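Both backbone and side-chain heavy atoms feed into the values below; hydrogens, waters and symmetry mates do not. Computed from a predicted structure; not experimentally measured.
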Amino acid sequence: MKEKTLKNANLWFYLLSMGCIMVQLLFVSHQFNKFMDNEWLSHTTLGDKAMLVLNSFADALFLLIPLVLLPPKWRKWSWIVIWLVTLWCLAQFLYMPTYRDLMPLSSFFMTENMGGTLMTSILGAIKPRILEVLLPPVVLYAIYRKWLKKPIEKVQQPSKQRLLLALAAIAGFIAIKIGTTAIHQNDNDEPTTFSQQFTDDYCVMWTRQGNYMNLNGAVPYVIYGALTSIFDTKSLSDEEKQQVEQYLDVQPHYYDNKFATAQGKNVILLVVESLNSWAVNMQIGGTDVAPTLKALCSDSTCLVSLTMKSQVKNGRSSDGIFMYNTGLLPLNTKVVANSYSNASYPTLCKALGNYDTFYACCDEPSLWNVKNMAKTYGYSSFYCKDDIREAIKQNNYLLDKTLLEEVTQIIPERKQPFLALVATAGMHHPFDEAMEPATWVMNSAEYTEEVRCYLERVNAFDTALANFITQLKRQGIYDNTMIVIVSDHNEMVDDSPQGRPAIDKDGDNCVMLIINSGQAGRIGGPIGQIDIYPTLLDLLGLNSQSWKGLGCSVLRDDITSVATAPMMSAGSSPLISRQQEAWRISDLIITSRWFNAK
């Protein structure tokens with residue numbers, strides 16, 4: 001038996017390596033599908049499961065071509081492939097809890113993000129489940145070292161045989177890809193040719209990049225990501241240019257200022273980290289968690305929507321800020337702040353012209369390229385964590401309290417009218433550590449610990465907001481300032497409410513609250529983050545601007561629908577098809593650097 005094992009050592013190692021990679025990739029797909037739908041296993045068809053297995057088998061065939069092709073004495077270098085696959089799978093396991101998607105290839109090179117807030121979030125995502133991707137290669141390596149390494153190096157294998165085996169692996173990979181293409185042809189939104197699985201932009205039609213891997217496998221997904229990263233500037237065909245121009249031609253072209261009730265006022269655009277609308281009316285023990293927000297949302301003089309849908313993608317907070325400043329939608333396959341920070345965009349800053357402008361946040365200036373993006377948007381000054389680090393320390397690391405207090409110190413130094421973009425970070429994922437000292441929210445026994453941890457941070461922001469408004473009133477600035485409070489994105493969106501009341505079943509509603517605009521009312525139907533930009537132009541009397549974004553002013557139109565992704569929508573109205581088309585148009589505008597030539 002021992003002699004037989006030694007003789008077949010190469011075969012054993014190949015089969016075990018195939019199994020190792022297949023198990024790792026299937027665990028990644030399983031984890032993604034669980035984040036998308038906790039009950040996915042119970043209603044996923046046998047065909048869907050077979051597709052996942054078939055794709056992982058094809059991926060393993062392709063990835064192990066070096067193992068087949070290398071001479072036995074060099075075969076140890078094939079471990080580089082196995083460990084690279086392991087690192088890729090591990091990165092996905094750490095990325096998915098926060099982003100609910102696969103990590104795009106371009107994000108692997110954003111090393112400047114690896115620190116501060118994001119690093120805390122990543123560390124908080126480390127759970128026992130990472131053993132699912134770590135154990136297979138560790139066990140394989142132990143078997144290899146104990147029984148297979150020496151016999152593999154001793155057994156000779158002719159180069160012709162190795163080449164034939166490699167060609168057989170490639171042929172098997174291509175055969176499976178052609179076979180899955182035939183299966184996909186039943187759906188017009190899926191790839192219909194072999195090449196589309198690697199190079200076609202059809203995948204932007206999906207809500208998540210993980211769907212791309214489900215359909216085509218990890219290798220096509222990585223190849224697609226590499227191609228879109230390398231060729232980040234797209235030359236539009238004449239037909240595509242015409243499509244963009246035709247879409248923009250039928251955008252709202254109103255020029256009157258009948259809703260310009262905030263014209264000439266200061267503007268504070270307060271972009272709040274992870275503020276879910278369901279948190280606004282939460283109570284613990286009969287006490288409001290967010291009394292300031294609740295009171296403002298009930299104020300008859302404010303313009304309110306608690307049904308604004310999140311439209312961010314892999315750039316998360318940076319995507320939200322991008323939409324509010326430009327009126328463009330984010331990219332599905334890349335992060336705008338990383339790949340297109342040096343492009344030209346019409347922005348709120350530029351539309352306001354002679355306003356004094358500044359951007360304040362409590363993140364590192366390199367996080368999501370925030371400092372460069374502030375310059376791209378047109379903000380004349382930028383304040384970040386480096387500027388307020390000592391104040392953060394003195395405030396026991398209460399980020400939102402510190403940031404808003406610092407902004408009240410900055411404002412009197414600025415010329416009026418001013419535009420201030422303030423981006424908070426105190427409610428950032430993960431929600432696994434109580435504040436110190438623990439507050440009355442965390443000391444409660446209501447809800448789960450994770451929900452209480454999140455609500456504790458909501459309460460801390462709400463208190464900081466109350467103090468911020470009080471200080472603005474003391475400075476005599478409040479009455480002449482329009483304050484726009486918007487969520488950067490939603491959070492805690494699992495199907496399971498995790499102990500919270502079913503106020504918002506899906507957890508995907510964000511907050512839009514506009515104070516001192518001169519307009520008031522509650523918007524009942526769903527709107528999108530993309531609708532904020534044209535609404536602000538409307539309020540500020542900036543309708544002379546030719547660019548009004550790809551959304552609709554909530555003051556002009558009866559907005560009752562939103563496209564949260566190219567193929568996903570909420571609400572109902574004749575606008576839905578146009579709102580869905582806006583994703584493709586925005587993608588063409590950004591990737592072609594449309595405004596550079598304007």
Side-chain angles (χ1 to χ4, degrees), residues 2-31 52-53 55-95 102-103 105 107-109 111 114 122 126 128-173 176 213 217-223 225-226:
K2 185 175 181 182
E3 289 181 4
K4 191 175 181 180
T5 301
L6 294 178
K7 185 178 178 181
N8 296 320
N10 281 302
L11 177 61
W12 280 111
F13 185 44
Y14 183 76
L15 293 176
L16 290 171
S17 298
M18 283 279 293
C20 173
I21 290 175
M22 286 182 65
V23 166
Q24 288 177 302
L25 296 179
L26 285 170
F27 274 135
V28 170
S29 293
H30 179 272
Q31 195 65 33
L52 294 179
V53 174
N55 280 329
S56 67
F57 180 75
D59 290 332
L61 275 177
F62 185 89
L63 291 167
L64 289 175
I65 288 173
L67 175 59
V68 174
L69 202 56
L70 287 171
K73 64 179 181 179
W74 293 353
R75 205 151 281 175
K76 60 185 177 182
W77 296 108
S78 62
W79 275 102
I80 293 174
V81 173
I82 295 170
W83 290 119
L84 283 175
V85 171
T86 300
L87 289 174
W88 184 84
C89 291
L90 182 61
Q92 305 306 335
F93 264 58
L94 296 177
Y95 186 86
L102 296 185
M103 184 175 178
L105 192 64
S107 294
F108 280 88
F109 302 104
T111 55
M114 300 306 293
I122 290 171
I126 296 177
R129 61 174 174 261
I130 67 171
L131 294 176
E132 294 175 354
V133 295
L134 289 177
L135 276 179
V138 169
V139 172
L140 175 63
Y141 187 72
I143 294 172
Y144 170 78
R145 294 289 298 184
K146 178 76 174 175
W147 290 292
L148 303 177
K149 183 177 183 295
K150 289 182 179 179
I152 284 174
E153 293 173 353
K154 287 180 181 179
V155 176
Q156 297 301 313
Q157 199 172 16
S159 57
K160 184 178 180 181
Q161 184 183 22
R162 296 197 308 272
L163 181 59
L164 288 173
L165 289 172
L167 290 173
I170 293 171
F173 175 79
I176 292 172
M213 180 174 166
V219 170
Y221 169 72
V222 172
I223 291 174

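The shortest heavy-atom contact between P137 and I82 is CB-CG2, 4.2 Å. Between W88 and A218 the shortest heavy-atom distance is CH2-CB, 4.2 Å. Between V81 and P66 the shortest heavy-atom distance is CG2-CG, 4.1 Å. The two atoms that bring L61 and A169 nearest to each other are O-CB, 4.0 Å, heavy atoms only. In this structure, R162 and L70 approach most closely via the heavy-atom pair CD-O, 3.3 Å. The two residues T86 and V133 have their closest heavy-atom pair at CG2-O, 3.8 Å.
By the 4.5 Å heavy-atom criterion applied to side chains, I21 and S56 are not counted as neighbours. In this structure the side chain of F27 never reaches within 4.5 angstrom of the side chain of C89, judged on heavy atoms. In this structure, the side chains of L67 and N10 stay at 4.5 Å or more apart for every pair of heavy atoms. Q31 has its side chain within reach of E132: a pair of non-hydrogen atoms, C-beta onward, lies under 4.5 Å apart. Annotation: side chain of I152 is not in contact with side chain of K73 (no heavy-atom distance under 4.5 Å). Using a 4.5 Å heavy-atom threshold, the side chains of L16 and L148 count as touching. The shortest distance between side-chain heavy atoms of F62 and I170 does not fall below 4.5 Å. In this structure, the side chains of M213 and L25 come closer than 4.5 Å at one or more pairs of heavy atoms.
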Discussion item. Quick one, F13 with I143, criterion side-chain contact (heavy atoms from CB on, under 4.5 Å). Give me CA distance, side-chain angles, the key distance, then yes/no.
Written reply: CA-CA 9 Å; F13 185 44; I143 294 172; over 6 Å; no
Practice prompt. Give the C-alpha distance, both sets of side-chain angles, the deciding distance and a yes or no for side-chain contact (heavy atoms from CB on, under 4.5 Å) between L94 and M103.
Written response: CA-CA 9 Å; L94 296 177; M103 184 175 178; over 6 Å; no
Worksheet entry | side-chain contact (heavy atoms from CB on, under 4.5 Å) assessment of W77 paired with I80 | CA-CA 6 Å; W77 296 108; I80 293 174; 3.8 Å; yes
Item to complete: Kindly determine whether S17 and L140 satisfy side-chain contact (heavy atoms from CB on, under 4.5 Å), including the steps that lead there.
Response: CA-CA 7 Å; S17 298; L140 175 63; 3.7 Å; yes
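Atom OH in Y221 sits 13.0 Å away from atom CG in D59 (nearest 0.5 Å). Going from atom CD of Q24 over to atom CD of Q92 covers 12.0 Å, rounded to the nearest 0.5 Å. Remark: L69 CG to S159 OG distance equals 9.5 Å, nearest 0.5 Å. Interatomic distance, CD of E153 versus NZ of K76, reported as 6.0 Å (0.5 Å rounding). To the nearest 0.5 angstrom, K160 atom NZ is 12.5 Å from L165 atom CG.
Counting non-hydrogen atoms of other residues, nucleotides and ligands closer than 6.0 Å to OH of Y144 gives a total above 12. Taking a 6.0 Å sphere around CH2 of W74, one finds it holds 12 or fewer heavy atoms contributed by other residues, nucleotides or ligands.
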